[in-house]
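To start, the structure itself, in structure tokens.
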Amino acid sequence: IMALSGSFNYTLNRDQLIKNALVDAQVINDTQTPSATMIVYCADSLNRMLKAWQMDGLHLWVHNEVTLFLVTDQIKYLLGPSGDHATESYVETAIRTAAVSGATTLEVDSTTGITAADYIGIEQADGTMKWTTVSSVTDSDTLVIASALSDASAVDNVIFAYTTKIQRPLRITSAHYRTHAGNDRDLNIIARKDYWDISQKTSEGEPNSVLFIPMLTNAELRIWQEPDEVTDIVKMICQTPFDDMDAAADNFRFPNEALDAIHWNLAYRLAVGYRSPPDVRQSLKDMAKESKRQFLDFDVEIGPTYIQPDAQWLS
């Protein structure tokens, strides 16, 4: 009878992987501990390498669903930690008792999932969404907002609440427009020239196209047409960045299947940096190349392939 562990959570933290890489690069032996100076150098090399890897492949595990909340007549949105209201997770509720302009205490259907300091948007009678933060949650159906309503809010008006804005996305792979009734429609992700060729960029209606511009602190998303419903949302699948490896005990934002590739590629970089013997560098280079190839081959999405004949030859 086989004695199985029943465990599936093997991993390495930053400094454990760094030591292993230094040993295989023949910079230290397995009984030695890397110096503080070595750790700083190796961590810099590791972070540079992982930043570069963001340009490789699909990285399916960091393709997350993002929700962008719309603003009437606004076509330009910033996506990132200091950008517009976009998040990976949110709560929706509604006004339970009509609120007057100037109100800060709201009676809602439910406060489940809402906490103090959350961002909160309240649909108002004038068709705008009042965005502020939650000062406190009083009970299961009452909360206090930091900035008063600028207009009345009727019973059943929509409320969105969330805790964290997204990190700057690296790219958008799909997008669709979702009405408050729950109907989805694909949005075309267009190139800059296609967007610039639109003659009337401020025409109003349900959006049908988006332009993604990968900037620095916040990426930029431009929507066409101008949205006219603040209770509708844009749902996107975004590639988000890997976490920085800042501390000794940090774990990698990678599936454990990637640890071997990370290890051998870091070992090769360190062998070059510390001028290990040429035969060691060559051996590590081969291991690094093969392990990364295996990992990228694994990092694919399984789906159908469609083949369509070229109709011009059928007539």
Side-chain angles (χ1 to χ4, degrees), residues 5-65 80-81 88 166-171 173 214 216 219 237-302:
S5 71
S7 176
F8 306 94
N9 60 353
Y10 172 80
T11 191
L12 293 171
N13 63 33
R14 188 198 73 177
D15 280 13
Q16 288 171 333
L17 190 138
I18 282 176
K19 179 177 178 178
N20 287 353
L22 285 168
V23 170
D24 282 332
Q26 297 187 12
V27 178
I28 62 173
N29 63 49
D30 58 5
T31 64
Q32 294 177 303
T33 299
S35 68
T37 302
M38 275 186 176
I39 291 293
V40 171
Y41 175 80
C42 295
D44 283 344
S45 295
L46 174 62
N47 278 302
R48 289 199 312 273
M49 183 182 80
L50 296 183
K51 293 300 181 187
W53 280 22
Q54 291 179 157
M55 298 182 289
D56 290 330
L58 292 173
H59 302 313
L60 297 175
W61 68 96
V62 289
H63 279 69
N64 299 325
E65 184 178 289
E88 293 182 13
I166 62 170
Q167 290 300 312
R168 174 183 65 93
L170 304 177
R171 57 170 64 96
T173 56
L216 295 179
I237 302 298
C238 298
Q239 180 186 342
T240 55
F242 305 139
D243 294 52
D244 296 340
M245 305 301 292
D246 293 328
D250 282 350
N251 290 123
F252 292 85
R253 193 185 183 190
F254 280 79
N256 290 344
E257 292 79 11
L259 289 174
D260 203 47
I262 298 171
H263 163 77
W264 289 116
N265 279 269
L266 180 61
Y268 172 61
R269 284 175 172 246
L270 297 182
V272 172
Y274 283 106
R275 297 172 178 81
S276 299
D279 61 323
V280 172
R281 295 201 301 270
Q282 184 58 52
S283 176
L284 291 175
K285 183 178 182 179
D286 294 340
M287 291 291 292
K289 183 178 179 179
E290 177 60 17
S291 62
K292 188 175 180 184
R293 182 198 63 77
Q294 288 179 328
F295 174 60
L296 291 179
D297 286 348
F298 174 75
D299 180 32
V300 295
E301 188 168 21
I302 305 301

Report yes if some heavy atom in the side chain of [X] is under 4.5 Å from a heavy atom in the side chain of [Y]; otherwise report no.
X: Phe252; Y: Leu46; value: yes
X: Leu12; Y: His263; value: no
X: Leu22; Y: Cys42; value: yes
X: Leu266; Y: Ser45; value: yes
X: Glu257; Y: Phe298; value: yes
X: Asp15; Y: Ile39; value: yes
X: Lys289; Y: Asn265; value: no
X: Ile28; Y: Lys19; value: yes

Side-chain donor/acceptor of [X] to backbone N/O of [Y], under 3.5 Å:
X: His59; Y: Trp53; value: yes
X: Thr240; Y: Val62; value: yes
X: Arg14; Y: Asp246; value: yes
X: Arg168; Y: Leu216; value: yes
X: Asp250; Y: Ala247; value: yes
X: Gln16; Y: Asn13; value: yes

key: Salt-bridge contact Asp297-Arg293 (side-chain N to carboxylate O under 4.0 Å)   = yes
Exercise: identify the closest heavy-atom pair between Leu270 and Val27 = O-CG2, 4.5 Å
note = For Asp24 and Ala267, the nearest pair of non-hydrogen atoms, with its separation, is CB-CB, 4.4 Å
Quick one: list whatever passes side chain to side chain donor-acceptor pair (under 3.5 Å) with [X], sequence neighbours left out.
X: Lys51; result: Asp244
X: Lys292; result: Asp56
X: Glu65; result: Lys235

query = Under 30°, 30 to 60°, or over 60°: which ring-plane class applies to Phe254 and Phe295, parallel, tilted or perpendicular?
reply = tilted
ask   = What class does the angle between the rings of Trp61 and Phe242 fall in, given that below 30° is parallel, 30 to 60° is tilted and above 60° is perpendicular?
value = parallel
inquiry  = List the residues meeting salt bridge (Lys or Arg N to Asp or Glu O under 4.0 Å) with Glu88, not counting sequence neighbours, and say none if there are none.
reply    = none
message = List the residues meeting salt bridge (Lys or Arg N to Asp or Glu O under 4.0 Å) with Arg253, not counting sequence neighbours, and say none if there are none.
response = Asp243
key: Spacing of CD belonging to Gln239 relative to CG belonging to Leu60, to within rounding of 0.5 Å   = 9.5 Å
ask   = Hey, what do you get for SG (Cys238) to NE2 (His63), rounding to the nearest 0.5 Å?
value = 9.0 Å
request  = Tell me, with the steps shown, if Ser291 and Asp260 meet side chain to side chain donor-acceptor pair (under 3.5 Å).
outcome  = CA-CA 7 Å; Ser291 62; Asp260 203 47; 5.2 Å; no
ask   = Going through the checks in order, is the side chain to side chain donor-acceptor pair (under 3.5 Å) test met by Ser7 and Asn9?
value = CA-CA 6 Å; Ser7 176; Asn9 60 353; 2.9 Å; yes
Name every donor-acceptor pair, under 3.5 Å, that has one atom in a side chain of residues 277-286 and the other anywhere in the protein, sequence neighbours excluded.
{"unit_1": "Arg281", "atom_1": "NH1", "unit_2": "Ser276", "atom_2": "O", "d": "2.4"}
{"unit_1": "Gln282", "atom_1": "NE2", "unit_2": "Asp286", "atom_2": "OD1", "d": "3.1"}

request  = Applying side-chain contact (heavy atoms from CB on, under 4.5 Å), run through Met38 and Tyr274 and close with a yes or a no.
outcome  = CA-CA 10 Å; Met38 275 186 176; Tyr274 283 106; 3.4 Å; yes
key: Trace of the side-chain contact (heavy atoms from CB on, under 4.5 Å) decision for Ile237 with Asn64   = CA-CA 5 Å; Ile237 302 298; Asn64 299 325; over 6 Å; no
